[in-house]
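Notes follow once the structure below has been shown.
Since this is a predicted model, take the numbers as computed values, not measurements.
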Amino acid sequence: MTLPKFIITMQGYFRLGQVNQHKDLLKPGDSCLGGGYYHFDYISNRIILDRSSYDFGKPKWHLLEVLKVPSVYRDLRLVYYYDDGREFYVSQELQIEYYD
């Protein structure tokens, strides 16, 4: 059963998609810094990220300075919600680079 999942790679790439397992989002040679689940909040123009990957654990945002995001998501803010209710405003805390 596919679910909306995301990962961040050691190289700083943000990947998301409808997959069975988080590892399905990896490309050859990638290392993963964690992941979780996502949904789109079109009202507030955000991608809401939460929970953790069964394969890789919670995202290790602190290991990144730059997050590389597909340009199709350029106008959406990224927010990660921890299990304890804390919010991490990815779009404000990390430098975002867009790629095609």
Side-chain angles (χ1 to χ4, degrees):
M1 176 170 157
T2 63
L3 293 171
K5 299 179 181 183
F6 80 92
I7 61 166
I8 55 173
T9 70
M10 185 71 81
Q11 298 79 19
Y13 286 96
F14 172 73
R15 298 209 183 102
L16 70 155
Q18 288 281 132
V19 294
N20 288 314
Q21 297 183 325
H22 288 89
K23 65 182 179 180
D24 296 337
L25 294 168
L26 290 174
K27 294 184 177 181
D30 278 348
S31 297
C32 189
L33 293 176
Y37 296 81
Y38 73 90
H39 70 272
F40 291 99
D41 178 353
Y42 295 107
I43 301 297
S44 60
N45 216 26
R46 301 184 300 174
I47 301 175
I48 305 296
L49 311 170
D50 62 13
R51 298 185 278 169
S52 66
S53 161
Y54 293 115
D55 299 320
F56 306 111
K58 293 179 183 174
K60 297 167 189 70
W61 303 109
H62 65 282
L63 297 178
L64 295 175
E65 291 181 18
V66 176
L67 185 67
K68 300 169 185 164
V69 177
S71 60
V72 68
Y73 305 116
R74 182 178 303 276
D75 295 327
L76 297 173
R77 290 175 291 151
L78 301 172
V79 179
Y80 179 78
Y81 288 97
Y82 289 95
D83 296 336
D84 61 6
R86 289 179 300 136
E87 300 172 341
F88 179 76
Y89 294 92
V90 179
S91 301
Q92 293 174 355
E93 300 295 327
L94 297 174
Q95 179 182 342
I96 304 293
E97 288 182 5
Y98 295 99
Y99 70 94
D100 289 324

Distance, nearest 0.5 Å, that separates CD1 of Ile8 from OG of Ser53 = 10.5 Å
message = Using 0.5 Å steps for rounding, measure from the CD1 atom of Ile47 to the OH atom of Tyr42.
response = 8.5 Å
ask   = Hey, any chance Leu63 and Phe56 share a hydrophobic cluster, counting ILVMFWY side chains that come within less than 4.5 Å of each other, even indirectly?
value = no
inquiry  = Using a 4.5 Å cut-off between side-chain heavy atoms of Ile, Leu, Val, Met, Phe, Trp and Tyr, which other residues end up in the same hydrophobic cluster as Tyr37?
reply    = Met1, Leu3, Tyr54
message = Which heavy atom of Asp55 sits nearest to which heavy atom of His22, and what is that distance?
response = OD2-N, 3.0 Å
query = In this structure, are over 12 heavy atoms from other groups packed under 6.0 Å from Gln18 atom CD?
reply = yes
query = Is there a donor-acceptor pair closer than 3.5 Å between any side-chain N or O of Asp30 and the backbone N or O of Thr9?
reply = no
Going by atom type alone, with no hydrogens or angles, which donor-acceptor pairs under 3.5 Å involve a side-chain atom of residues 66-78 and a protein atom two or more places apart or on another chain?
from  : atom 1 : to     : atom 2 : distance (Å)
Lys68 : NZ     : Gln11  : O      : 3.1
Ser71 : OG     : Tyr99  : O      : 3.4
Ser71 : OG     : Asp100 : OD1    : 2.5
Arg77 : NH2    : Ser44  : O      : 2.7

message = As an exercise, state the distance from CG of Asp50 to OH of Tyr38, rounded to the nearest 0.5 Å.
response = 12.0 Å
task = If the plane angle is over 60° it's perpendicular, under 30° parallel, otherwise tilted; pick one for Tyr82 and Tyr80.
result = perpendicular
query = Are Lys5 and Asp24 close enough for a salt bridge, meaning some N to O gap below 4.0 Å?
reply = no
query = Could you give the distance from OG (Ser91) to CZ (Arg46), rounded to the nearest 0.5 Å?
reply = 10.0 Å
